[in-house]
Amino acid sequence: DVKVTQSSRYLVKRTGEKVFLECVQDMDHENMFWYRQDPGLGLRLIYFSYDVKMKEKGDIPEGYSVSREKKERFSLILESASTNQTSMYLCASSYLRGVSAYTFGSGTRLTVV
Amino acid sequence: AQSVTQLGSHVSVSEGALVLLRCNYSSSVPPYLFWYVQYPNQGLQLLLKYTTGATLVKGINGFEAEFKKSETSFHLTKPSAHMSDAAEYFCAVSDLGNQGGKLIFGQGTELSVKP
């Protein structure tokens, strides 16, 4: 089975810090995604990538950037963390665009204080 | 554009009762449909998916869903609820047309199971 690993389950960071959330998948998937999940707002797409060194903005990219230097790794970067970025962050990957199911990581619950 | 509507943000059933979680979608081309489950503080896990072929799809944990094109629905059912089914459930749609093939998720339905 495909495994998507997020480096941290829980993180506490201070306002203004630069935060890196790491995601690694082990099945050579082309497509990777970052979502944030907040109560009552469902899943919101932040950024996605269909290939190495390629990135596209999702629905809520402001305050975030991403990096995909290797196929298996997709990093989400909070340039200057703010309290409104406290959330659950979910990484996902998929094989065929538009056809394949996504495989999700276990999530990182980030608290910015 | 594609969209997904899950009717009811919260559903409560008694243990042993039928579970019915509703999902309606809109798509201009034949859709691919998915149901996911999320337990507290975890990621989403695929329950089942419809791509082509048989419209009644069986998934894990005794769940199944039926694709009804005429009703643009993909409702999730389980004949007898267990306490362990308490979780949040997400319906999702994708196709090879709009949205670049990304999955579009519904807002989720939280299922509570009463003893």
Side-chain angles (χ1 to χ4, degrees), chain A residues 1-11 21 23-25 29-51 54-60 87-111, chain B residues 1-10 21 23 25 27-53 57 59-60 63 65 74 87-110:
Chain A
D1 284 349
V2 177
K3 191 165 184 180
V4 177
T5 303
Q6 294 184 231
S7 53
S8 304
R9 291 298 304 274
Y10 298 93
L11 272 180
L21 303 183
C23 176
V24 177
Q25 50 93 5
H29 281 182
E30 299 286 342
N31 314 309
M32 297 189 75
F33 308 85
W34 274 107
Y35 289 86
R36 66 177 282 176
Q37 184 180 22
D38 302 287
L41 297 177
L43 294 165
R44 293 183 290 169
L45 183 62
I46 306 172
Y47 268 96
F48 59 101
S49 169
Y50 288 148
D51 201 353
M54 175 269 180
K55 60 185 178 184
E56 288 195 35
K57 294 179 180 179
D59 300 319
I60 53 162
S87 186
M88 170 71 113
Y89 290 87
L90 294 167
C91 176
S93 72
S94 74
Y95 178 50
L96 285 175
R97 193 188 316 181
V99 176
S100 300
Y102 289 4
T103 300
F104 282 85
S106 297
T108 295
R109 186 164 292 283
L110 172 68
T111 302
Chain B
Q2 295 166 296
S3 66
V4 177
T5 302
Q6 291 184 238
L7 296 175
S9 59
H10 189 96
L21 303 182
C23 173
Y25 69 92
S27 177
S28 58
V29 298
Y32 298 91
L33 295 158
F34 308 83
W35 274 101
Y36 286 85
V37 61
Q38 184 182 32
Y39 299 103
N41 291 313
Q42 294 189 26
L44 278 67
Q45 178 184 1
L46 182 68
L47 270 179
L48 50 80
K49 63 181 178 182
Y50 168 80
T51 53
T52 59
V57 181
I60 62 172
F63 284 93
F74 191 57
E88 189 154 21
Y89 292 80
F90 291 90
C91 181
V93 63
S94 76
D95 63 42
L96 296 174
N98 297 328
Q99 312 277 359
K102 297 192 297 293
L103 287 191
I104 306 301
F105 289 89
Q107 289 295 306
T109 298
E110 186 174 354

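Chain identifiers are assigned alphabetically (A, B, ...) following the order of the sequence lines, protein sequences preceding nucleic acid strands; residue numbering begins at 1 within each chain.
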Item to check | Heavy-atom proximity to chain A below 4.5 Å, by part of B:Gln38 | outcome: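 The answer is the side chain of B:Gln38.
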Checklist entry - Non-hydrogen atoms of chain A under 4.5 Å away: do they reach the side chain of B:Leu46, the backbone, both or neither? => result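 For B:Leu46, the contact with chain A is made by the side chain alone.
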Checklist entry - Would a line drawn from the ring center of A:Phe48 to the ring center of A:Tyr50 be shorter than 6.0 Å? => result yes
Item to check | Options A:Leu96, A:Leu43, A:Leu90, ranked by heavy-atom pairs under 4.5 Å with chain B, top entry | outcome: A:Leu43
Checklist entry - Should A:Tyr89 and A:Cys23 count as side-chain neighbours, where that means a heavy-atom distance under 4.5 Å? => result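 No. Closest side-chain heavy atoms not under 4.5 Å.
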Checklist outcome for this item: Exactly one of B:Phe90, B:Phe63, B:Tyr36 clears side chain to side chain contact (heavy atoms under 4.5 Å, CB included) with B:Leu47, and that residue is B:Phe63
In terms of heavy-atom proximity below 4.5 Å to chain B, should [X] be classed as side chain, backbone, both, or neither?
X	result
A:Ser94	neither
A:Leu41	backbone
A:Glu56	neither

Item to check | Geometric class of the A:Phe33/A:Tyr102 ring pair [parallel <30°, tilted 30-60°, perpendicular >60°] | outcome: parallel
Checklist entry - Taking only residues two or more places apart in sequence, or in another chain, which ones meet A:Arg44 in a salt bridge (Lys or Arg N to Asp or Glu O under 4.0 Å)? => result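 A:Arg44: salt bridge (Lys or Arg N to Asp or Glu O under 4.0 Å) contacts with A:Asp38.
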